[in-house]
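Accompanying notes for the structure given below.
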Amino acid sequence: MKIIQIHRPAGVMVWRPGRTESFLALLIYLGGVTPLHIGPMITSPRSAFSATRSSSVLGGTQRTVTFDRLLVNIGDDFNPDTGRFRCRLPGAYYFSFTVGKFPEKILSVMLVKNGLEVQAMAYDGYRNQGRKVHSQSVMISLKRMDTVYLLLQESPNYAIYSNVGPYITFSGYLAYQESTSSVGYLNNHLSSPRVHIPGCPPPVDPQYNWRRRGAHEEPRSAFSVARTSSALGKSKGHRGREALKFDVEYVNIGGHFNKTSGRFTCHFQGTYYFAFTVGKHPRRAVSVKLMTGRGEVKAMVFDEDMSRRREMQSQSLLLPLRRGETVWLYSQQDEGYAVYSNQGRYTTFTGFLVYPESLDRNLS
């Protein structure tokens, strides 16, 4: 029989568990019930990142935008060296990015999901000497192992600018984790399942439903939509105010956004975050307002430049809303104004509940 010698410092006692104690230790190891009521370890339902880049990227040198400074990486789901976020916790994620325009180069950066599924983009086709920044944001539903990253056009005519400032930032976080009482999430494809655009999400994807909630879950309300076509003003002195419509629905948790009317209706009283980005049409001015109710202006973007260039404007804010209040975007409808978009989805609109006022009062 082989004898194992245990060497220990003088005065130190070595505890040798008996059979009962060994069994309890095994239960603890396997996550079973213990006298201390220690349950199995549960992964925290949190995922968030924010990264910056302190140098420029020229088209043709690399496509995926990488980052050299990581500010936040809760869950370690973002890899700054590859520039890719990989989903660990299925749910609805809010992503935002800002990129700098390189002098005398075209700016075109796409937020893509899995391969080349374009979700939204930032663009500026004006090749002047100036430097500026453009932003874009969208909420999309992700399944486990889905990837999201920023993609730059390959041509040397394109570039993004940054320095130690920095100009380039990329952030994302889990807004709503997949509910155990819900089937899943809404998909990210165009409203018509017969339309398939290369480089956009495939038309065949399982339909999801966020409307079912467990009895003890907090209220959930979120939407994110986009346009794939421009909206042109048509008449002088047009006095009617119609909401800007959208044909791409990324998420619509609760079903509180109506694509037909272009309006979001509050179902849970509380504080909501809204963000929108619109493209400027060549030879037209852009004037888009965030409205509530019958036409109260809360925020707006404006660019009266009538040049041929295409660029973008962004705006965001928090709003306190009561049940039944509506929020919508209004684009000036006179013939000198327009909103530009195409399959790259220049124009987006997102909103979600940040803080419900009272859980008990708002459940329905």
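Position 1 is the first residue of the sequence, and the numbers go up from there. Both backbone and side-chain heavy atoms feed into the values below; hydrogens, waters and symmetry mates do not. Just so you know, these numbers come straight off a predicted model, no measurement behind them.
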- request: Establish, from distance only, whether the side-chain atoms of Ser54 and Arg69 form a donor-acceptor pair under 3.5 Å.
  value: no
- prompt: Measuring from Phe268:CZ to Arg323:CZ, what's the distance to the nearest 0.5 Å?
  reply: 7.0 Å
message: Taking Phe170 as the starting point, is it possible to reach Leu71 by hopping between hydrophobic residues whose side chains are less than 4.5 Å apart?
response: no
task: May I ask you to decide if Tyr337's main-chain N or O and Arg284's side chain share a donor-acceptor pair within less than 3.5 Å?
output: yes
message: Whether the side chain of Asn258 engages the backbone of Phe264 through a donor-acceptor N/O pair (distance < 3.5 Å, no angle test) should be reported.
response: no
- prompt: Quick one: NE2 on His134 to OH on Tyr167, what's the gap to the nearest 0.5 Å?
  reply: 12.5 Å
task: Might you confirm whether atom OH of Tyr355 has over 12 heavy atoms from other residues, nucleotides or ligands at distances under 6.0 Å?
output: no
- prompt: Pick from Asn252, Thr348, Thr350: which one makes a side-chain hydrogen bond (donor to acceptor under 3.5 Å, both in side chains) with Ser224?
  reply: Thr350
message: So does Leu232 get a backbone contact from the side chain of Ser230, meaning a donor-acceptor N/O pair under 3.5 Å?
response: no
statement: When every non-hydrogen atom of Phe67 is compared with those of Gly83, the smallest separation belongs to CD1-CA, 4.3 Å
- prompt: Can we say Glu296 and Lys298 salt-bridge, meaning some charged N sits less than 4.0 Å from an Asp/Glu carboxylate O?
  reply: yes
Ser141 side chain to Ala92 backbone, donor-acceptor under 3.5 Å: no
message: With rounding to the nearest 0.5 angstrom, report the OG to CG distance, Ser229 to Asn342.
response: 9.5 Å
Contact check, side chains of His267 and Ser221, non-hydrogen atoms, under 4.5 Å: no
- prompt: Checking Ser341 side chain against Arg227 main chain: does a donor-acceptor pair fall under 3.5 Å?
  reply: yes
query: Do the ring centers of Tyr94 and Phe352 come within less than 6.0 Å of each other?
result: yes
- request: Please report the C-alpha distance between Val288 and Val339 in whole Å, then the side-chain angles of each, then the deciding distance to 0.1 Å, and finally whether the side chain to side chain contact (heavy atoms under 4.5 Å, CB included) criterion is met.
  value: CA-CA 8 Å; Val288 176; Val339 167; 3.6 Å; yes
Donor-acceptor under 3.5 Å (Arg263 side chain, Thr326 main chain): no
field: Minimal non-hydrogen separation, Lys259 against Phe246, with atom names
entry: CD-O, 3.8 Å
task: Nearest 0.5 Å please: distance from the NZ atom of Lys113 over to the SG atom of Cys87.
output: 9.0 Å
Side-chain H-bond candidate by donor/acceptor type, Ser137 with Ser96, under 3.5 Å: no
field: Residues Met145, Arg86; criterion side chain to side chain contact (heavy atoms under 4.5 Å, CB included); working and verdict
entry: CA-CA 6 Å; Met145 302 305 289; Arg86 187 177 297 277; 3.6 Å; yes
- request: Could you tell me whether a side-chain N or O of Asp124 sits under 3.5 Å from a main-chain N or O of Leu107, the two making a donor and an acceptor?
  value: no
- prompt: Just wondering, do Ile253 and Tyr176 contact through their side chains at under 4.5 Å, heavy atoms?
  reply: yes
- request: Tell me yes or no: between the side chains of Thr265 and His256, is some donor less than 3.5 Å from an acceptor?
  value: no
- request: Please report the closest heavy-atom contact between Gly91 and Leu174, naming both atoms and the distance.
  value: CA-CD1, 4.1 Å
message: For a quick test of reading the model, state the closest non-hydrogen atom pair linking Leu152 to Leu58 and the distance between them.
response: CD2-C, 4.1 Å
- request: To the nearest 0.5 angstrom, please state how far the OG atom of Ser314 sits from the CZ atom of Phe276.
  value: 8.5 Å
field: Non-hydrogen side-chain atoms of Phe97 and Thr169 separated by less than 4.5 Å
entry: no
query: Pro80 versus Phe78: any side-chain heavy-atom pair under 4.5 Å?
result: yes
- prompt: Looking at Ser162 and Ser56, what are the two nearest heavy atoms and their distance?
  reply: N-OG, 3.2 Å
statement: In this structure, CG of Asp81 is separated from OG1 of Thr64 (nearest 0.5 Å) by 12.5 Å
task: Look at the side chain of Gln315 and the backbone N and O of Met300, then say whether any donor-acceptor pair between them is shorter than 3.5 Å.
output: yes
task: With the side chain counted from C-beta on, respond yes when Tyr346 and Met121 share a heavy-atom pair under 4.5 Å apart, and no when they do not.
output: yes
message: Determine whether Val248 and Val225 satisfy the following criterion, side chain to side chain contact (heavy atoms under 4.5 Å, CB included), listing intermediate values before the conclusion.
response: CA-CA 5 Å; Val248 174; Val225 293; over 6 Å; no
task: Give a yes or no answer on whether the side chain of Glu178 reaches the backbone of Leu89 with a donor-acceptor pair at less than 3.5 Å.
output: no
- request: Group every Ile, Leu, Val, Met, Phe, Trp and Tyr by side-chain heavy-atom contacts under 4.5 Å, then state whether Phe302 and Leu329 land in the same group.
  value: no
message: My understanding is that only one of Tyr149, Tyr93, Tyr173 makes a ring pair (Phe, Tyr, Trp, His ring centres under 6.0 Å) with Phe85; could you say which?
response: Tyr93
message: Working note: Met110 + Arg63, criterion side chain to side chain contact (heavy atoms under 4.5 Å, CB included); need CA distance, chi angles, decisive distance, verdict.
response: CA-CA 10 Å; Met110 297 166 284; Arg63 293 209 69 194; 4.2 Å; yes
- prompt: Considering only heavy atoms from C-beta outward, does the side chain of Ile140 approach that of Val251 to under 4.5 Å?
  reply: no
- request: Kindly indicate whether the side chain of Asn163, heavy atoms from C-beta on, has any atom under 4.5 Å from the side chain of Tyr161.
  value: yes
field: same_hphob_cluster(Val354, Met139) at 4.5 Å side-chain heavy-atom cutoff
entry: yes
- prompt: Of all heavy-atom pairs between Ser55 and Ile168, which one has the smallest distance, and what is that distance?
  reply: O-CD1, 4.1 Å
- prompt: Hey, what's the ring geometry for Phe95 with Phe49, parallel, tilted or perpendicular (30° and 60° as the breaks)?
  reply: tilted
- prompt: Quick one: do Asp77 and Arg88 make a salt bridge, cutoff under 4.0 Å?
  reply: yes
task: Please work out whether the ring planes of Phe223 and Phe257 are parallel, tilted or perpendicular, with thresholds of 30° and 60°.
output: parallel
task: Measure from the side-chain N and O atoms of Trp328 to the backbone N and O of Arg294, and report whether any donor-acceptor pair falls under 3.5 Å.
output: no
query: Thr347 and Arg345: side-chain hydrogen bond (donor to acceptor under 3.5 Å, both in side chains), yes or no, with the steps?
result: CA-CA 5 Å; Thr347 300; Arg345 307 177 188 183; over 6 Å; no
query: Do Val112 and Glu117 come close enough that some side-chain heavy atom pair is under 4.5 Å?
result: no
- request: Answer yes or no for Arg241 and Tyr330: cation-pi contact, defined as NZ/CZ to six-membered ring centre under 6.0 Å and angle to ring axis within 45°.
  value: yes
